[in-house]
Participant: 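My structure is below; once you've seen it, I'll send some questions.
No hydrogens, no waters, no symmetry mates; every other heavy atom, side chains included, goes into these values. Note on naming: letters A, B, ... go to the chains in the order of the sequence lines (proteins, then strands), and numbering restarts at 1 for each one.
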Amino acid sequence: MTALLEARGLSKFFPARDGKGLVRAVNDVSLSLAPGETLGIVGESGCGKSTLARMLMRLIEPSEGKVLLEGEDLLSLAKGAMRQRRRDIQIVFQDPYASLDPRMSIAQIIAEPLDIHGIGTKAERAAKVKDLIDLVGLDPSAASRYPHEFSGGQRQRIGIARAIALEPKLVVLDEPVSALDVSIQSQILNLLDDLKSRLRLSYIFISHDLSVVQHVSDRVAVMYLGRIVEEGPAEAVLGAPRHPYTQALMSAIPEIDPTRRKSHQLLPGDPPNPENIPSGCPFHPRCPIAQDICRTEPPAFRTAGASRARCHFAGET
Amino acid sequence: MSDHALLRVEGLTVGFNTEQGPVRVTEDVSFELKAGHTLGLVGESGCGKSVTAQTIMRLLPSPPSRIDAGRILFEGKDLATASQREMQKIRGDRIGMVFQEPMTSLNPTLRIGEQIAEPLMLHRGMTRAKADEEVVKVLKQVGIGNAERRLLQYPHELSGGLRQRVMIAIAIICKPQLLIADEPTTALDVTIQAQIMELLKALQKELGLAVLLITHDLGMVAEMCETIAVMYAGRIVETGRTADVFARPHHPYTHGLLNSSPRRAKKGERLPSIPGLVPPPGARGTGCSFAARCPNVLERCRAEAPPLIPQGNDAAACWNPMP
């Protein structure tokens, strides 16, 4: 089966604040997504997960590498052709407050992608908007109202309706439930799951919340300082992580059962500044099992089954 | 037992004056916390948990906020009627506070050392030099290495995790009896969250601190708190020992909240969710404010708000609790 989306050696370098160096926000990332799959991308702030997602849909131009959508090189497309292709990849943002224009009614917001791409007649577009409002579980009366009249969860439904209006093949979800309360979070996760099977969507699901990612993802990529450090089927990567960073992330999740309080495997220090990435394995200053080789030699991926981890000692702990 | 309560909140009812008239934000909130114990006050946005914490500290400007009823007994003294001058003596000395966003709670124009020393100079009349000796000790206690260098830095030079450690240092330097921590790890990355949680746990034991933890994170309560009080729409809807409430929640809201966590769900299954939305203050109606979302709702629920009723080992404000 050909991949729906493939990234090859994707990098993004920004000039550093001092004007001299480079910030390697995303560094040599390769991944692929099969049709119908959900790929979770996890990592802490500054790991490059949002930059990566934006490069995949060319909202940010990569410094190096390729993005292939159904085999077609997106970076080779001229502006008009890229705009056409963007119908197939849509995005839902984290902040449902900031991503909806407060001056537009809900019907206008959801219709905007249809208008821009000149889809159907005016009447057909209006009917489509009505269907979408229904599909994401909003009341029909929502159409004539404005974003400020809605709660966070409802606004996220509006953002989702806008993203699926063009019947995309792939939806990038950038922290779609992070701003929401737990009881609302589960409503939105269920909605995303319904839409995925009804509309045969594929998802790239970006989150810092591992329990959410574990629930929704078929495959997971863990990022640290601009690189993928572990990637593979969700059960393998999060169920039996082989990279010490993934292990620490899993261990950091508070246990929700008070009878099973655990001791956390704590990582010392903070994630380093991406302007000044440590030599060798970038994780070595915080790594509980770092050896001499880790300080000097960047590890390549070691594979085990369908998953791979970028660690000299992957799977040995 | 309640004679030994360090903090006893009784019937706390807080309102705000708004353009639409007065609005009740919390209603009849009661709980107690014994010296050296931990209580988690949990709930979703707008449930009144932070208003409760800030009212205990008397940090809400009045107007627009008002304490409409209730008492806040701390070491036997009613903070609800205390003057601001009296509160200034208690805050930072007997009660320490840690907030969610360390960047907005630290003064960006003052060096770290000065901010940590301030409570000692204020409450203990220490000189700066004398206070600095304590500051170096407390920095070690909160796990900040390189103390001498850190003292001279400004908040913007520190990472989020270090800033939160500085906040904790300020909160504990006068050796308070009570620490109020309002979403102390919410703004932090997962690995840093775990660091701060472990630090709070260690300090709580070491200093015999009572901790009132305000959070939306049930996992954090499960790990840190002996007792839990769940808030919904301004009221405490369930309270008891954390182990009991988690094992057998009686209020349908607590039940729904625990089940909707993806941590409890099986992969690929639909997450149990609570339909509908939290009613905003001012639109909570006369009956139980959870009635409109509740799977167990009875006729009575819409008419009459239930008080906390003992259920097994805990108590739930529900006319038709989970078995």
Participant: Would you check if there is a donor-acceptor pair between the side chains of A:Gln247 and A:Arg242 at a distance under 3.5 Å?
Facilitator: no
Participant: Is the distance from the ring center of A:Phe283 to that of A:His243 below 6.0 Å?
Facilitator: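 Centroid separation for A:Phe283 and A:His243: below 6.0 Å.
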Participant: Can you confirm whether more than 12 heavy atoms, excluding those of B:Arg248, are under 6.0 Å from its CZ atom?
Facilitator: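 Atom CZ in B:Arg248 is not packed in, count stays at 12 or less.
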Participant: Looking at A:Asp194, A:Asp193, A:Leu180, A:Val216, which makes the most heavy-atom pairs under 4.5 Å with chain B?
Facilitator: A:Asp194
Participant: Just checking, is any N or O donor in the side chain of A:Asp181 or A:Ser183 under 3.5 Å from an acceptor N or O on the other one?
Facilitator: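 The answer is no; no qualifying pair exists.
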Participant: Out of B:Gly161, B:Ser45, B:Gly43, return the one with the most heavy atom pairs under 4.5 angstrom to chain A.
Facilitator: B:Ser45
Participant: Verify, without hydrogens or angle tests, whether A:Asn190 (side chain) and B:Leu271 (backbone) share a donor-acceptor contact under 3.5 angstrom.
Facilitator: yes
Participant: If I measure from the heavy atoms of chain B, does A:Leu266 come under 4.5 Å with its side chain, its backbone, both, or neither?
Facilitator: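 The side chain, not the backbone.
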Participant: So which residue, A:Ala248, A:Ser217, A:Gly153, A:Gly152, ends up with the most heavy-atom pairs under 4.5 Å with chain B?
Facilitator: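 Top count of heavy-atom pairs under 4.5 Å with chain B: A:Ser217.
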Participant: Just by distance, with hydrogens left out, do A:His208 and B:Asp189 show a side-chain donor and acceptor under 3.5 Å apart?
Facilitator: no
Participant: Could you have a look at B:Gly145, B:Gly256, B:Gly219, B:Pro272 and say which one has the most heavy-atom pairs with chain A under 4.5 angstrom?
Facilitator: B:Gly219
Participant: Could you tell me which portion of A:Gln265 (side chain, backbone, both or neither) has an atom closer than 4.5 angstrom to a non-hydrogen atom of chain B?
Facilitator: neither
Participant: Below 4.5 Å, heavy-atom pairs only: which of B:Ser260, B:Gly143, B:Pro275, B:Pro280 has the largest tally toward chain A?
Facilitator: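 Sorted descending by pairs with chain A, the first entry is B:Ser260.
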Participant: Would you mind checking which part of B:Gln193 comes under 4.5 Å of any heavy atom in chain A, side chain (CB onward), backbone (N, CA, C, O), both or neither?
Facilitator: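 Neither part.
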Participant: Is B:Asn259 close to chain A through its backbone or its side chain, or both, or neither, when contacts mean heavy atoms under 4.5 Å?
Facilitator: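 For B:Asn259, neither part sits under 4.5 Å from chain A.
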Participant: Is it the backbone or the side chain of A:Ser151 that comes under 4.5 Å from a heavy atom of chain B, or both, or neither?
Facilitator: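 Side chain of A:Ser151 only, per the 4.5 Å heavy-atom cut-off to chain B.
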Participant: Could you tell me which of B:Ala247, B:Gly276, B:Gly160 has the largest number of non-hydrogen atom pairs under 4.5 Å with chain A?
Facilitator: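 With the most close heavy-atom pairs to chain A, the winner is B:Gly276.
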Participant: What I want to check is whether the side chains of A:Thr38 and A:Arg219 have a donor and an acceptor closer together than 3.5 Å.
Facilitator: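 Their side chains do not contain a donor-acceptor pair, so the 3.5 Å distance test is not met.
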Participant: Does a donor on one side chain sit under 3.5 Å from an acceptor on the other, for B:Glu226 and B:Thr242?
Facilitator: no
